Amino acid sequence: MASVKDVARHAGVSVATVSRVLNDSVPVLPGTRDRVLAAVAELGYRPNAVARSLRTDATRTIGLVIGDILNPFFTELARAVEDEARALGYSVVIGNADERPDRQDHYVGTLLERRVDGLLLCPTAEVTPLVRDMVRDGRPLVFLDRTLPGLDVPAVRVDGGAAIAELVRHLYALGHRRVAFITGPALLSTGRERTEAFTAAMRAHGLPVRPEYLEAGDFQAASGRAGAARLLDLPEPPDAIFVGDNLMALGALDEIRARGLRIPQDVALACYDDLPWFTHLDPPVTAVAQPVRELGRRAVRVLAGRMEGRAVSSVVLPARLVVRRSCGEPDGGGPA
């Protein structure tokens, strides 16, 4: 695909002149303008949203594109980003990708056209052309919660490996041996990481990772319910189900209750991602909690560093296990 430099070379002008013609920002001699437009047509050059948004003036605005606004994790994360950005003097414009690459790029392009100073992106599974353009052009971009392979972009995320290992150890100590996992999407970094951590922890305790005990979900409640139904229909159902995010856990909870099963007497339930109302359920749900507010705060500060031209590094925060009573813990469970 032709670049703006290719157009400039073909027309015998500078890149700045090509930009002036395409943006119609400064008068250009008619002959020069004609040569640039002819080169654009001959090379099939198509200006992208990244190039159109190049500028020298700051807007004190940052963009945030999240995976799914209905997911309480992302709702809390967006609030944390907004609070920290406001404290630094920035406004935040939010786009909801709904876990769709096309919708993600729609919002990325829109935010760039609005001339945001930088972008926080919870990327979908695919490396899309627009995101690749941003990386190539050196725009201030920080990945939040998730990463994409092959792109040199600072990321602020949570490592739940140690907390998942602690959960499996906790389940083992409570006597659970048939432990199932409703996973997140394998195409998402978060889905892969949680599955890898779970399988490693199971093997560390000598517990088999039975294929029928791994149900693929999509971080939506319906997939959690469907996964729980398939697990509970097995000839030898699990005695504990670990669910890869909060929405899927709510779906699994619905299925368990619809069957008249008791938690934890008939089946234990644990979840990755804590929710404030988990403490109000009967029994309260044992969960792996992410430091969501700190995640949002650190992401804004890393992005601010990039926007100011400073060298920044990725940030990895630890998750923690919150023990309650949904896995057969003694009354009193653990710290909420």
Side-chain angles (χ1 to χ4, degrees), residues 49-98 103-124 128 130-148 151-160 189-190 273-276 289-320:
V50 175
R52 288 197 300 269
S53 68
L54 292 174
R55 71 218 185 279
T56 58
D57 57 309
T59 62
R60 303 299 295 180
T61 303
I62 64 176
L64 169 65
V65 180
I66 57 176
D68 180 5
I69 195 66
L70 294 178
N71 188 320
F73 166 79
F74 286 116
T75 305
E76 184 179 358
L77 184 61
R79 177 59 187 268
V81 166
E82 185 181 34
D83 288 347
E84 185 66 17
R86 185 169 59 248
L88 296 179
Y90 289 93
S91 297
V92 180
V93 182
I94 301 174
N96 173 38
D98 202 24
R103 192 165 292 179
Q104 168 193 280
D105 271 16
H106 164 77
Y107 281 112
V108 169
T110 299
L111 290 168
L112 291 174
E113 288 172 350
R114 291 190 177 191
R115 301 192 171 192
V116 296
D117 296 336
L119 184 66
L120 292 174
L121 176 64
C122 304
T124 57
T128 59
L130 188 51
V131 172
R132 197 183 297 279
D133 284 347
M134 287 194 70
V135 177
R136 181 199 64 200
D137 293 347
R139 293 301 305 271
L141 170 67
V142 172
F143 288 156
L144 178 53
D145 179 51
R146 305 166 178 173
T147 59
L148 285 173
L151 295 182
D152 185 16
V153 176
V156 180
R157 64 183 186 86
V158 173
D159 183 353
S189 61
T190 46
D273 274 346
D274 201 9
L275 289 175
Q290 301 194 77
V292 184
R293 294 204 61 80
E294 181 67 6
L295 187 68
R297 187 184 77 82
R298 296 288 289 274
V300 171
R301 292 198 171 271
V302 171
L303 181 61
R306 289 212 69 188
M307 293 187 298
E308 293 164 7
R310 292 185 276 113
V312 299
S313 299
S314 294
V315 175
V316 180
L317 302 172
R320 66 185 179 94

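All values below come from the heavy atoms of this structure, side chains included, with hydrogens, waters and symmetry mates left out. Not measured: the values here are computed from a predicted model.
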Minimum heavy-atom distance between Leu88 and Ala304, given as atom pair plus value:
CD1-CB, 4.3 Å
Just by distance, no angles: are the side chains of Gln290 and Asp274 close enough, under 3.5 Å, to form a donor-acceptor pair?
no
Got a second to check how far Cys122's SG is from Leu64's CG, nearest 0.5 Å?
6.0 Å
Atom pair CG/CD1 of Leu144 and Ile66 - distance to nearest 0.5 Å
9.5 Å
By the salt bridge (charged side-chain N to carboxylate O under 4.0 Å, His left out) test, which pairs, at least two apart or in different chains, include something from residues 63-73?
none
Tightest non-hydrogen contact, residues Ala97 and Thr124, listed as CB-CG2, 4.5 Å
Rounded to the nearest 0.5 Å, the CG atom of Leu120 sits from the CG atom of Leu303 at a distance of 4.5 Å
Side-chain donor-acceptor distances from residues 76-85 under 3.5 Å, at least two apart:
unit_1: Arg79; atom_1: NE; unit_2: Asp83; atom_2: OD1; d: 3.0
unit_1: Arg79; atom_1: NE; unit_2: Asp83; atom_2: OD2; d: 3.2
unit_1: Asp83; atom_1: OD1; unit_2: Arg86; atom_2: NH2; d: 3.0
unit_1: Asp83; atom_1: OD2; unit_2: Arg293; atom_2: NH2; d: 2.8
unit_1: Glu84; atom_1: OE2; unit_2: Arg301; atom_2: NE; d: 2.8
unit_1: Glu84; atom_1: OE2; unit_2: Arg301; atom_2: NH2; d: 2.9

Can you give me the closest heavy-atom contact between Ile62 and Met307, atom names plus distance?
CG2-CE, 3.7 Å
Would you mind telling me which of Leu121, Val93, Ile94 makes a side chain to side chain contact (heavy atoms under 4.5 Å, CB included) with Leu111?
Val93
Heavy-atom side-chain contact between Leu119 and Arg139 under 4.5 Å:
no
For Thr61 and Tyr90, run side chain to side chain contact (heavy atoms under 4.5 Å, CB included): C-alpha distance rounded to whole Å, both residues' side-chain angles, the deciding distance at 0.1 Å, then the answer.
CA-CA 5 Å; Thr61 303; Tyr90 289 93; over 6 Å; no
Considering all heavy atoms of both residues, which atom of Pro291 and which atom of Ala319 are nearest to each other, and what is their separation?
CD-CA, 4.4 Å
Is there a side chain to side chain contact (heavy atoms under 4.5 Å, CB included) between Phe73 and Leu275? Walk through the geometry before answering.
CA-CA 8 Å; Phe73 166 79; Leu275 289 175; over 6 Å; no
If we ignore hydrogens and angles and just use 3.5 Å, is the side chain of Thr110 paired with the main-chain N or O of Val108 as donor and acceptor?
no
What's the shortest heavy-atom distance between Arg115 and Thr59, and which atoms?
O-OG1, 2.9 Å
Let me confirm one number: the CG-CZ distance from Leu148 to Arg132, rounded to the nearest 0.5 Å.
9.5 Å
Considering all heavy atoms of both residues, which atom of Phe143 and which atom of Leu151 are nearest to each other, and what is their separation?
CZ-CD1, 4.1 Å
Taking C-beta and beyond as the side chain, do Asn96 and Phe74 meet within less than 4.5 Å on heavy atoms?
no
Separation of Glu294 CD from Leu317 CG (nearest 0.5 Å)
6.0 Å
Can you confirm whether Arg60 is buried at CZ, in the sense that more than 12 heavy atoms of other residues, nucleotides or ligands lie under 6.0 Å from that atom?
yes
For Ser314 and Val156, indicate whether the former's side chain and the latter's backbone hold a donor-acceptor pair under 3.5 Å.
no
Arg146 side chain vs Pro123 backbone, donor-acceptor pair below 3.5 Å:
yes
d(Asp133 CG, Leu112 CG) to nearest 0.5 Å is 9.5 Å
So Arg157 and Asp145, side chain to side chain contact (heavy atoms under 4.5 Å, CB included) or not? Walk me through it.
CA-CA 4 Å; Arg157 64 183 186 86; Asp145 179 51; 5.6 Å; no
SB check Asp98 Arg103 (cutoff 4.0 Å)
yes
